[in-house]
Amino acid sequence: METEPCCEAHNDPGVTATDSEVKEAIFGLVDGNSLSELPRAPAEEGEELFGSEQAETQRSAAENKDTEIKSPSDPEQESGETGCKAVKKFKKSNSWKMVRFQDPSTEDDVLERDSSTESLFPEYATQEWTSTSFEDLFMAEDWTEITEDRLLRKKVLEPGTPQGPHPAWDQEVTVKMQCVLEDRTVVEKDCKLVFVIGEGDVNQALEECVMSMQKGEITLLLTDSQYAYGLLGREPDIPAWAPLLYQLQLLDFREKPDPLTLPIADRIRIGNQKRETGNFHFQREEYSLAARAYCVALDVLTTRSKDGNDVGVKEEEEEVQDYRVKCLNNLATTQVRLEQFDEALHTSRDVLTLEPNNVKALFRVGKLLSDKSEYKEAMEVLKKALKLEPATKAIHVELSKLVKRQSGGKETQEWKPKPAEMLGDNIAPFLIPSKKKPSGISWKFILGALVVALGSLVTSMILTARN
């Protein structure tokens with residue numbers, strides 16, 4: 001999802017005709033995958049400079065099919081009663097958060113998602129799971145409250161390890177789970193879901209519940225929409241304001257692995273998943289969650305390697321850098337939406353450190369500097385962006401704004417787009433003086449004076465004749 005938020009609060013009222021183009025330019029996410037990016041995803045418009053990040057993401061996705069993961073999916077087909085067959089490649093599905101961080105499988109086959117309604121817990125097909133209304137379940141007395149508001153509660157079906165520890169914040173957990181709506185439509189199902197508590201990989205209900213469980217425990221989890229997908233729901237399967245009922249088992253938990261201990265390929269895979277999670281939250285306008293996901297992705301996408309001299313490793317590190325650029329651009333976009341303009345400027349400069357000719361970052365830096373009244377540096381940055389993308393209207397619009405700001409709002413000169421072949425380091429040819437009004441007395445003024453004088457003369461003669 002590349003979007004670059006522009007400082008909306010700092011918009012210049014002087015130029016409004018093409019503000020929509022500027023916003024498009026600034027609000028595109030680096031990779032606007034086809035997540036659910038709500039009202040308007042951080043994707044950009046196709047071929048122009050700040051064109052759809054989706055296009056960029058799709059291109060990178062085509063190159064890295066094996067590392068892309070999306071929505072929560074149905075469970076993979078099982079090999080055995082409870083176990084799942086590990087997968088090396090993942091297929092897209094309707095659900096967004098079936099993220100997996102376990103080591104890639106050595107198998108080459110790609111298993112199709114299990115779309116059947118067969119239960120992962122056939123021995124626990126209780127009446128509460130199959131038919132009881134959610135209203136009755138929220139009122140039942142034999143359930144344990146996870147939160148004080150009674151909107152998140154659980155019922156233990158099989159206890160875990162006696163006196164065993166509970167998972168804690170920032171630990172990696174592995175669960176088997178399935179989820180249904182009140183009409184018992186299965187909307188999530190996974191026999192080995194791995195996520196890190198506190199990193200937004202799954203909804204809040206699952207994070208809160210697993211921290212109350214012990215290893216091996218099987219439980220029913222009932223959650224109000226407030227702890228699940230809220231007023232937006234999750235297209236296409238979970239409607240707005242929908243409460244959910246889960247069956248889940250805590251299979252294992254451990255400390256989150258240090259990214260530097262992982263192979264570069266795994267860092268890329270995990271970092272890309274985290275970035276897509278951020279895109280999902282961005283499109284839902286959950287900007288704080290999106291920013292957190294992008295920061296986690298950047299932590300994973302490290303480039304230090306013991307085998308730095310290996311040619312294959314260098315190529316992978318270059319790919320890591322590409323993903324870092326996307327994450328940084330997305331993070332800067334999100335920071336602008338959060339009105340963290342100084343942080344957005346710093347993040348955009350980090351992009352330029354890795355990729356000096358990144359036009360999206362140059363444009364954002366130029367606009368943010370212009371909004372901070374640092375006109376000289378803003379002009380230099382925008383000139384560089386224009387030289388790289390001379391046909392982009394958004395840059396011309398921002399330069400026009402900048403010129404007017406420098407002149408104090410006076411219409412002394414205006415910026416007009418010129419053919420690309422005329423572009424040089426000197427922007428003087430692009431500054432077209434506005435038409436000035438001719439000096440001297442206007443002929444309309446002279447004519448008016450003559451009419452008044454003639455009228456006075458006629459009036460004087462009439463009065464004289466009467467006298």
Side-chain angles (χ1 to χ4, degrees), residues 4-28 39-40 44-45 48-50 336-337 339 341 363-387 389-467:
E4 301 165 5
C6 152
C7 309
E8 297 176 17
H10 295 202
N11 281 345
D12 188 343
V15 179
T16 57
T18 51
D19 274 359
S20 60
E21 295 176 9
V22 177
K23 288 181 181 178
E24 255 177 37
I26 308 174
F27 291 131
R40 169 158 168 73
E44 307 160 12
E45 308 276 316
E48 292 202 64
L49 156 66
F50 312 107
V336 172
R337 292 292 179 92
E339 298 186 358
F341 302 118
F363 177 81
R364 192 190 305 109
V365 167
K367 175 159 183 59
L368 290 171
L369 288 172
S370 177
D371 292 338
K372 290 167 66 71
S373 300
E374 298 179 17
Y375 300 133
K376 183 177 180 181
E377 186 179 357
M379 179 64 75
E380 293 300 319
V381 173
L382 290 172
K383 281 168 56 180
K384 183 176 180 179
L386 185 63
K387 189 172 183 180
E389 292 283 353
T392 302
K393 295 179 181 179
I395 301 177
H396 290 279
V397 170
E398 192 57 39
L399 280 167
S400 178
K401 284 184 178 182
L402 179 56
V403 169
K404 288 188 176 182
R405 287 175 178 177
Q406 283 181 304
S407 62
K410 299 177 182 178
E411 296 184 1
T412 54
Q413 51 186 356
E414 59 182 313
W415 180 275
K416 290 187 178 180
K418 291 290 184 178
E421 60 270 15
M422 294 178 61
L423 184 64
D425 291 333
N426 183 11
I427 66 168
F430 298 90
L431 295 175
I432 310 299
S434 59
K435 296 180 180 180
K436 297 181 179 179
K437 296 181 179 180
S439 57
I441 302 176
S442 169
W443 64 271
K444 293 182 180 180
F445 176 78
I446 297 175
L447 180 60
L450 289 174
V451 170
V452 171
L454 183 60
S456 299
L457 179 61
V458 171
T459 302
S460 176
M461 294 175 63
I462 291 174
L463 291 175
T464 302
R466 287 182 178 180
N467 291 336

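All values below come from the heavy atoms of this structure, side chains included, with hydrogens, waters and symmetry mates left out.
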Close side-chain approach of Ser370 to Lys401, heavy-atom, < 4.5 Å: no

Is the shortest heavy-atom distance from the side chain of Asp371 to the side chain of Arg405 under 4.5 Å?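 Yes, at least one pair of side-chain atoms sits under 4.5 Å.
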
Can you sort out the partners of Glu374 under salt bridge (Lys or Arg N to Asp or Glu O under 4.0 Å), two or more places apart, ordered by chain and number? none

Between [X] and [Y], what is the shortest heavy-atom contact and its length?
{"X": "Ala378", "Y": "Leu402", "answer": "C-CD2, 4.0 Å"}
{"X": "Ile395", "Y": "Leu382", "answer": "CG2-O, 3.8 Å"}
{"X": "Phe363", "Y": "Ala385", "answer": "N-CB, 4.4 Å"}

Given side chain to side chain contact (heavy atoms under 4.5 Å, CB included), test Lys383 with Met379 step by step and report yes or no. CA-CA 6 Å; Lys383 281 168 56 180; Met379 179 64 75; 3.9 Å; yes

Dump the intermediate steps for side chain to side chain contact (heavy atoms under 4.5 Å, CB included) on Val336 and Phe341, then the final yes or no. CA-CA 6 Å; Val336 172; Phe341 302 118; 4.0 Å; yes

Name each donor-acceptor pair under 3.5 Å that joins a side chain in residues 452-466 to protein atoms two or more places apart or in another chain, with its distance.
{"residue": "Ser456", "atom": "OG", "partner": "Val452", "partner atom": "O", "Å": "3.0"}
{"residue": "Thr459", "atom": "OG1", "partner": "Gly455", "partner atom": "O", "Å": "2.8"}
{"residue": "Thr464", "atom": "OG1", "partner": "Ser460", "partner atom": "O", "Å": "2.8"}

Any donor-acceptor pair under 3.5 Å linking the side chain of His396 with the backbone of Leu386? no

